[in-house]
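Got a structure for you, written out below as structure tokens; questions coming shortly.
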Amino acid sequence: MPRESPGTRFGRRPTRAADGGVPPIMNRDQRTSARGRGSVAETPDNDWVARFADEVIEAADRYRPGKPIVCASGISPSGPVHLGNLREVLTPHLVADEIRRRGVPCEHIISWDDFDRFRRVPATVDSSWSVHVGKPLSSVPAPPGSEHANWADHFRAPLIEALAELGVEFRGISQTAMYTSGAYTSQVLLAMRERQRIDAILAEYRTRPKQAAPAQRLSADEAAMSALALEGSGAADEDDGTGIGGYYPYKPYCQVCDRDLTTITGYDDATTALTYTCACGHSATVKLSEYHHGKLVWKVDWPMRWAYEGVAFEPSGVDHSSPGSSFVVGGRLVDAVFGGTQPIGPMYAFVGLQGMAKMSSSKGGVPTPSQALGIMEAPLLRWLYSRKKPAQSITVSFGQELQRMYDEWDALTSRVSAGAAAPAELAAYGRATFTVSAGRLPETPVRLPFGTLASVYDVTTGQPEQLLRVLRDVAPEADIPSLDVLRPRLDRAARWVTTELPAESRTQVRSVPDVAALAGLDDTQRAAIRLLLDGLDAAWSLNGLTTLVYGVPKKLLGLPMDVKPTPELRAAQRSFFVLLYELLVGRDTGPRLPTLLLAIGADRVRELLTPPGQ
RNA sequence: GGGGUGCUAGCUCAAUGGCAGAGCAGCGGACUUUUAAUCCGUAGGUUCAGGGUUCGAGCCCCUGGCGCCCCA
């Protein structure tokens, strides 16, 4: 690692990514021996992830000794899986990774809730899709234009891709596959047999009469907000099985219309004969032991799966923190009905975007992990999640703050390399850059500051030869044989500039000279520009141009080139710069002039700065 | 109405009951340089309020205030 190389003219000195090796998180022995004098400073792995791993290992040891530990996520692919949902995946991922890091077998499963009902048609999709409301998500056609087989696939596929890039190892479990294959049949029958006990437990948390419409008194907006919030965390809305003909924790999809607008009118425990009627008019009696086209209601489904998979750790959104939530009720049911144990399940706070309080898939353009990875390197995105305890909210910025995020990240990397990082930082960094199963995540070999890349990309309008030339000039001590060593960060910066940076923040080099302004220049200004243009070729380097642009006003004032700046000189320099910015980019400020000039190119600079008739 | 969660420097946030800390912004300085670069230095605090437990409380308990979230 280069240590104290001199700073560059433009941008901080580039850093090379650390090469492979042991992740910078101490093992448990080191940690234990490092305690002393109550010092927090020497317990690097005692971050929130490690603490959960401690708890989970201990609990799993008690309840399922000898079996691999299971950490779980549940994702409902009912719409874009956004950065809030990503927490549902990354939280167990980080804990599972820590457990593996300690050599304890551990599996991270993601339950794809693709057998859930299709609730509503988003505004972005043709309203004709409303005929599918009530069907399993895996039976609904994908939105128009999609290459995917069905609705669930369409939203699941990009997430799977993003998770691969993020180094998240998991086993996906399609609930459609599980239910329709009959894998849960004995659990379904058990729940039906125990329906009265289940109903009684649910009733403890029901404060309203059974038939009360939950959203009755809310305004339309409130009702919509509430429904969307629930959907966002894959949560617990859904009716809990309460019906007119008695309580059943199971809901069949109709054989004819494929929707769940069904009502169970009779069930016989001995024969498992189940009779239902559907809103479509169909009515049938099926043998539940052989009928695999239906599912347990959510509040029963979830604890069933805890028991089935032996889940030891599964977080959930804060919407589960209330008394009657499915997490709380599930904890009762898993024990009372399914003979399992409730996993350790921290509530995680919402992920916010800039001013937005929280994300929901409702509003169009809620960023997904794929979109975030378009502008953030994978370790950086992981870091945003690893450095915050689940209860702390996360704010992801797609705006100017992103540059700062990158700068912080680079500064952290330098501190880690120098051995100067604080313990919590070190842990968050290690978890962001390395996983047991994926190893060290790919990093950009030569890291130039994100802001530098963005700004150079902006002024060169992304032309590869120009980019390479300018970036070499800008960071002469960095070895840049080709643009490839600057990737993937360069591509992230490019995408950020083109998709996120508002037009008024971009630098737009004038396409034609500002003739009127050029004609109106006074003699001093003309002389200054003359001096600049005359010296241009000889000074064509970052250093040379720097001396030149600062030197022109000195010359005009009759000062020697090595003069210490006086207030008068500074004012002259400043107004000279403003003049150049106006003529080159039509604003009074911009990227540092030497960089800007290099980016524009000498010929074009002459064209833009030469008064008419000269 | 019930529950959850948060309130710490101007801002964003750290701190496992043990000397309240970073980053950014600010201020001062350096680099032939007042830009959207970098480096060094520096200041900045009644930890929302009040009470309690403790040798010791930002942290634990109680009461209250304000914000956000969820449930009803």
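Here the structure is a predicted model, which is why all the values come from computation and not from measurement. First the proteins, then the strands, lettered A, B, ... as listed; each starts at 1.
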Would you please name every residue forming a ring-ring contact (aromatic ring centres under 6.0 Å, His included) with A:Phe52, sequence neighbours left out? A:Phe313

P gap between B:C40 and B:A25, integer Å: 14 Å

Spacing of A:Leu597 atom CG relative to B:A36 atom C1', expressed in whole Å: 15 Å

Could I get the full list of salt bridge (charged side-chain N to carboxylate O under 4.0 Å, His left out) partners for A:Arg510, not counting sequence neighbours? A:Asp514

Taking the same atom, P, in B:C13 and in B:U54, what whole-Å distance lies between them? 35 Å

In the structure I gave you, are the side-chain heavy atoms of A:Pro390 and A:Pro315 within less than 4.5 Å of one another anywhere? no

Spacing between A:Tyr348 atom OH and B:C68 atom C1', to the nearest angstrom: 17 Å

Results of ring-ring contact (aromatic ring centres under 6.0 Å, His included) for A:Tyr385 - residues two or more places apart only: none

Distance between P atoms of B:C70 and B:U8 (Å, rounded): 22 Å

What's the CH2-P distance between A:Trp409 and B:U12, to the nearest Å? 24 Å

Check salt bridge (charged side-chain N to carboxylate O under 4.0 Å, His left out) between A:Arg469 and all other residues, then give those that pass, not counting sequence neighbours. none

Can you name the ring-ring contact (aromatic ring centres under 6.0 Å, His included) partners of A:Phe576, sequence neighbours left out? none

Centroid separation A:Trp496 to A:Phe450 less than 6.0 Å: yes

Have a look at A:Leu596 and say if it touches a base, only the backbone sugar-phosphate, or nothing, with a 4.0 Å heavy-atom cut-off. nothing

Any side-chain heavy atom of A:Arg606 within less than 4.5 Å of one from A:Asp537? yes

If the C1' atom of B:C19 is compared with that of B:G56, how far apart are they to the nearest Å? 12 Å

Report the distance from atom CD of A:Glu204 to atom C1' of B:A72, rounded to the nearest whole Å. 17 Å

Interface polar pairs with nucleotides 20-27 of chain B, N/O, under 3.5 angstrom:
residue	atom	partner	partner atom	Å
B:C24	O2'	A:Arg404	NH1	3.0

From the list B:U16, B:U34, B:U32, which nucleotide is the closest neighbour of the side chain of A:Arg574? B:U34

A:Arg506 side chain near A:Thr461 side chain, heavy-atom distance below 4.5 Å: no

For B:A15 and A:Lys389 - does any side-chain N or O of the residue sit under 4.0 Å from the phosphate oxygens OP1/OP2? yes

Determine the interatomic distance between C1' on B:G44 and the same-named atom on B:U53; round to the nearest Å. 33 Å

Of the candidate nucleotides B:C13, B:U32, B:U16, which contains the atom at the shortest distance from the side chain of A:Lys388? B:C13

note: A:Leu453, atom CG; B:A37, atom P; distance rounded to Å ~ 15 Å

Checking A:Trp383 now: which residues fulfil ring-ring contact (aromatic ring centres under 6.0 Å, His included) with it, not counting sequence neighbours? A:Trp409

Among B:U32, B:U34, B:A36, which is the nearest nucleotide to the side chain of A:Thr507? B:A36

To the nearest Å, how far apart are A:Phe52 CZ and B:U16 P? 14 Å

Span that lies between the C1' atom of B:A72 and that of B:A9, in whole angstrom: 40 Å

Can you check the distance between B:U5 and B:G45, where both ends of the measurement are the C1' atom (answer in whole Å)? 24 Å

Check the distance between B:A37's P and A:Asp410's CG and give it to me in whole angstrom. 15 Å

Could you give the distance separating B:C59 and B:G6 at their C1' atoms, to the nearest angstrom? 14 Å

Under 4.0 Å, heavy atoms only, any strand: does A:Ser316 hit a base, just the sugar-phosphate, or nothing? nothing

Could you tell me whether the phosphate oxygens of B:U34, OP1 or OP2, come under 4.0 Å of any side-chain nitrogen or oxygen in A:Gln573? yes

For A:Ile394 and B:C13, give me the distance from atom CD1 to atom C1', rounded to whole Å. 13 Å

Go through RNA chain B and write down every stem, that is, every run of at least three consecutive Watson-Crick or G-U wobble pairs with distances under 3.5 Å, as range with range. B:1-7 with B:65-71, B:10-13 with B:21-24, B:26-30 with B:38-42, B:48-52 with B:60-64

Would you please name every residue forming a side chain to side chain contact (heavy atoms under 4.5 Å, CB included) with A:Thr524, sequence neighbours left out? A:Asp522, A:Leu556

